[in-house]
Protein chains: 2
Amino acid sequence: MAQKTILIVDDESSIRDMLRVALEMAEYDCLEASDAQTAHSLIIDRKPDLVLLDWMMPGTSGIELARRLKRDEVTSQTPIIMLTAKGEEDNKVQGLEVGADDYITKPFSPRELVARLKAVLRRTDTLVDSGPITVEGLTLDPVSHRVTINDQPVQMGPTEYRLLEFFLTHQERVYSRSQLLDHVWGGNVYVEERTVDVHIRRLRKALQLDEHDRFVQTVRGAGYRFSTKVVERTD
Amino acid sequence: MAQKTILIVDDESSIRDMLRVALEMAEYDCLEASDAQTAHSLIIDRKPDLVLLDWMMPGTSGIELARRLKRDEVTSQTPIIMLTAKGEEDNKVQGLEVGADDYITKPFSPRELVARLKAVLRRTDTLVDSGPITVEGLTLDPVSHRVTINDQPVQMGPTEYRLLEFFLTHQERVYSRSQLLDHVWGGNVYVEERTVDVHIRRLRKALQLDEHDRFVQTVRGAGYRFSTKVVERTD
DNA sequence: TGGAAATGTCACAAAACCTTCACATAATCG
DNA sequence: CGATTATGTGAAGGTTTTGTGACATTTCCA
C-alpha cells in the first residue's frame, strides 16, 4: 500500500525533529513547515494525507490555518490533528469546532501520537475517494476497487491497478519510467526501471489491448502515456 | 435527518440538568436515567442514538452497565460516551476496553461535549436497521438476530455476525483490515490486523462458501469486499 | 465451579505477486 | 542496410500476502 505522507507544522524545530523520528519509525513520509504560509502551499502542492498542526505559532496561528484549510474546497478533505499545550481546554474545543479531526495534548507519547494518527487516517480514508472513472467503456471504481470493460469485470494485480488508477487520473501526459516508479511504487524504492515495462505489459494484457496504441501508449525514448486518442505517426 | 436522541445516565440530578441544557441547545432530544436499571430498560425501549454514561454510580456502576450493553447483541450497537472524573487514567483505559466509543473527563465544557458527541455519532451513523436483508438466499434478520441460507438456519459467533451485518449493509465496497477493525470491532481497540483474516475465515466457513469468490471476496493488497458478482480470472 | 463457546494470536502452508533476467522484436540512425 | 538502442515478452525465483489449523485465554452460562 502506498506510504502515507504527514505534514508537520510547528515553529520549534526540536519538536519537529521529535515528531519526524516518531513518524518515520512508523513508516510514514514526512514533510515539515515552520509557518502557516509554507504549510499552506505545501498542502496544496504535495497533498499530504494528514496534517499535524501546532496550536501556537507566530504570525497566523495554527487554528487560523486550520480554519482556512477546512473552508477551502481543495484542502478541506485533509484531516488535521492539533497539538495543544496542556490544560488549554478552550483551545481544544475551538480546535474541534474548527474542524480538526483530533487533538493531542503536549506532552504526549510517540505511541499515543501514532495510535491517534492511525485512527484518524482510517476513519477519513474512505471519505476521500472519488467516484468511478470511466473512459470509453473502461471503468475503474476506487470504492469497490474494481475495473470493468463494457461492464465485464477485469482481473489484475495490485500494482497494475495502481498503475491504471494513476494513468486514468493523469491522462494525455507522458511519464518516464522513473516518474512512474515515483508515483505508482512510491518514493524511495529501489527497483529497476525495466520493471515498469513488465507491469505495463501485464496491464495491457489484463485490459486485452491488442493494439498497443490503445490507451496505454509507448512513447519511445520518453516513457508511457495513457490516452484515448490514437496518435498518427509524425514523421 | 431525524433528530437524534441522547440518553443521559447519571445519579446526580444537577449534572443531568446541565447536560440536558447543553444537548437541547444543540438540538438533541434527551432521555434521562439515574440508575443502571432504568437506563437499561430505556435503551431497550426507546432506542436512543447515543448514551452518555457516568462512571460512578450507586449500585451497578457505569462501567458495569457499559459492559452489559456492549455484550448484548440488541444494545451493542448503541454508542456510549463515558463521563469520568479527572485523572482517573485507569478508568479511562477500562472504559475503552469495555467498548465505550469515547470518554470525557470532568469537568468539561458543554462545547467539548457536543463536539465529541457529534464525532461519535458521525462515526456510527450508518447502523440503521431496516428489516431483514436478503441476498441470493442469504438472509440476515437484525430483529431476531438470525442468519439463514435458503431458510436453513446458520450458526456463527457474535463477531462473525457483526462482520456479516456490516458487509451486507456495505456491499460492493472494499474495506481494509484496519477499517474493518474500526467498524466491526469498534474504534479504540488494539487488535492485530491479521485477526480480521481469521474471522473472515470463520464467516466463510459458517456460510459454507466453498469458492472464495462467493460473497466474501479477497482484494489482494487492499482488504475484503462483499459482493454477489463474481470476478473471473483472465489468464 | 466446571465446561462450552468465543476470541485473539501464532506458526506454518499455500497462493499470488513482484522483480529480475535473458532473449526476441521493433525502431532509429549513420 | 547493418549496427545500435529501446521496448516487448516469457519464465524463474524470491518475496509478500493471505489461508488455515491449533492453542491459550477469557467469557458465558448452567
Side-chain angles (χ1 to χ4, degrees), chain A residues 1-3 27 145 155-163 174-178 180-181 184-186 189-214 216-225 231 233-235, chain B residues 63-64 66-73 76 94 97-99 145 155-164 174-178 180-181 184-186 189-214 216-225 231 233-235:
Chain A
M1 202 178 301
Q3 206 163 351
E27 308 231 318
H145 214 274
Q155 178 88 26
M156 64 183 71
T159 304
E160 285 70 57
Y161 178 89
R162 289 201 307 275
L163 193 54
V174 181
Y175 290 92
S176 69
R177 292 171 176 72
S178 167
L180 287 174
L181 283 178
V184 177
W185 273 250
V189 288
Y190 176 63
V191 174
E192 291 288 325
E193 292 201 345
R194 289 302 310 279
T195 300
V196 174
D197 297 30
V198 179
H199 285 279
I200 288 281
R201 152 136 183 81
R202 290 189 183 139
L203 178 57
R204 282 171 169 160
K205 201 172 189 178
L207 300 180
Q208 299 183 312
L209 305 177
D210 304 325
E211 334 143 49
H212 268 185
D213 279 356
R214 180 82 174 149
V216 181
Q217 302 174 347
T218 303
V219 182
R220 205 179 167 78
Y224 297 96
R225 165 181 56 204
V231 182
R233 329 237 64 249
T234 58
D235 296 306
Chain B
I63 201 158
E64 198 47 57
R67 200 195 306 278
R68 225 167 74 206
L69 291 175
K70 284 297 179 185
R71 259 210 298 262
D72 186 346
E73 294 286 0
S76 69
Q94 271 189 55
E97 270 177 359
V98 167
H145 233 269
Q155 191 163 6
M156 63 183 72
T159 305
E160 284 69 58
Y161 178 88
R162 288 200 308 277
L163 193 54
L164 179 60
V174 176
Y175 291 92
S176 66
R177 292 170 175 73
S178 176
L180 287 174
L181 283 179
V184 177
W185 274 252
V189 288
Y190 178 64
V191 174
E192 290 288 324
E193 291 200 346
R194 289 302 311 277
T195 300
V196 174
D197 297 31
V198 178
H199 284 277
I200 287 280
R201 155 141 180 77
R202 290 177 181 154
L203 177 57
R204 282 171 169 162
K205 205 170 189 177
L207 299 179
Q208 298 183 313
L209 304 177
D210 305 324
E211 334 145 50
H212 267 185
D213 279 357
R214 182 84 176 147
V216 181
Q217 302 175 347
T218 303
V219 182
R220 206 153 232 274
Y224 295 96
R225 166 182 57 205
V231 182
R233 330 219 79 245
T234 59
D235 294 311

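Per chain, numbering begins at 1; letters A, B, ... match sequence-line order.
- When rounded to the nearest whole Å, the span between CH2 of W185(A) and P of dT19(C) equals 6 Å.
- In this structure, Y224(B) places its OH atom 13 Å from C1' of dA16(C), rounding to the nearest Å.
- Across dG8(C), dA11(D), dA27(C), the shortest atom-to-atom separation from the side chain of R202(A) is found for dA11(D).
- End-to-end axis angle for the helix from dT1(C)-dA30(D) to dG30(C)-dC1(D), using five pairs per end and rounding to 10°, comes out at 30°.
- Distance, D197(B) CG to dC10(C) P: 13 Å, rounded to whole Å.
- Considering only side-chain N and O atoms, R204(A) lies under 4.0 angstrom from the phosphate OP1 or OP2 of dG8(D).
- Of the side-chain N and O atoms in Y161(A), none sit less than 4.0 angstrom from OP1 or OP2 of dC18(C).
- E193(A) comes within 4.0 angstrom of no nucleic acid atom, judged by non-hydrogen atoms across all strands.
- Side-chain atoms of P158(A) lie closest to dC18(C) of the nucleotides dC18(C), dT16(D), dT7(C).
- Partners of R202(B) according to the salt bridge (Lys or Arg N to Asp or Glu O under 4.0 Å) rule, which considers only residues two or more places apart in sequence or in another chain, do not exist here.
- To the nearest angstrom, P of dT19(C) lies 13 Å from OH of Y190(A).
- Rounded to whole Å, the distance from CD on Q217(B) to P on dT18(D) is 14 Å.
- If you check every strand for non-hydrogen atoms under 4.0 Å, V219(A) touches sugar and phosphate atoms only.
- Nearest-nucleotide positions on DNA chain C for V191(A) and V198(B) put V198(B) closer to the 5' end.
- Put simply, OG1 on T218(A) and CG on D197(A) are 8.0 Å apart, with the number rounded to the nearest 0.5 Å.
- Taking side-chain N and O atoms only, T195(B) has a distance below 4.0 Å to OP1 or OP2 of dT9(C).
- Between the C1' atom of dT20(C) and the CD atom of E192(A) lies a distance of 7 Å, rounded to the nearest Å.
- In this structure a side-chain-to-backbone donor-acceptor pair under 3.5 Å is present from R204(B) to V216(B).
- Among dA6(D), dC10(C), dT9(D), the nucleotide with an atom closest to any side-chain atom of R220(A) is dA6(D).
- The side chain of T218(A) places an N or O atom within less than 4.0 Å of a non-bridging phosphate oxygen (OP1 or OP2) of dG8(D).
- For the OP1/OP2 pair of dA22(C) and a distance below 4.0 Å, the side-chain nitrogens and oxygens of R194(A) include no atom meeting the criterion.
- Of the two residues near DNA chain D, K205(B) and G223(B), the one whose nearest nucleotide lies more 5' is G223(B).
- For dT19(C), the OP1/OP2 oxygens have a side-chain nitrogen or oxygen of H199(A) closer than 4.0 Å.
- L207(B) is listed as a side-chain neighbour of M156(B), based on a closest heavy-atom distance under 4.5 Å.
- Aromatic ring orientation, H199(B) versus W185(B): perpendicular (interplanar angle above 60°, classes split at 30° and 60°).
- In this structure, I200(A) places its CD1 atom 18 Å from P of dA6(D), rounding to the nearest Å.
- With a 4.5 Å cut-off on side-chain heavy atoms, V196(A) and Y224(A) count as touching.
- When side chains are defined from C-beta on, V174(A) does not count as touching Q217(A), because their heavy atoms never get closer than 4.5 Å.
- If you measure from atom CD of E160(B) to atom C1' of dA6(C), you get 8 Å, rounded to the nearest angstrom.
- Atom CG in L164(B) sits 12.5 Å away from atom OG1 in T159(B) (nearest 0.5 Å).
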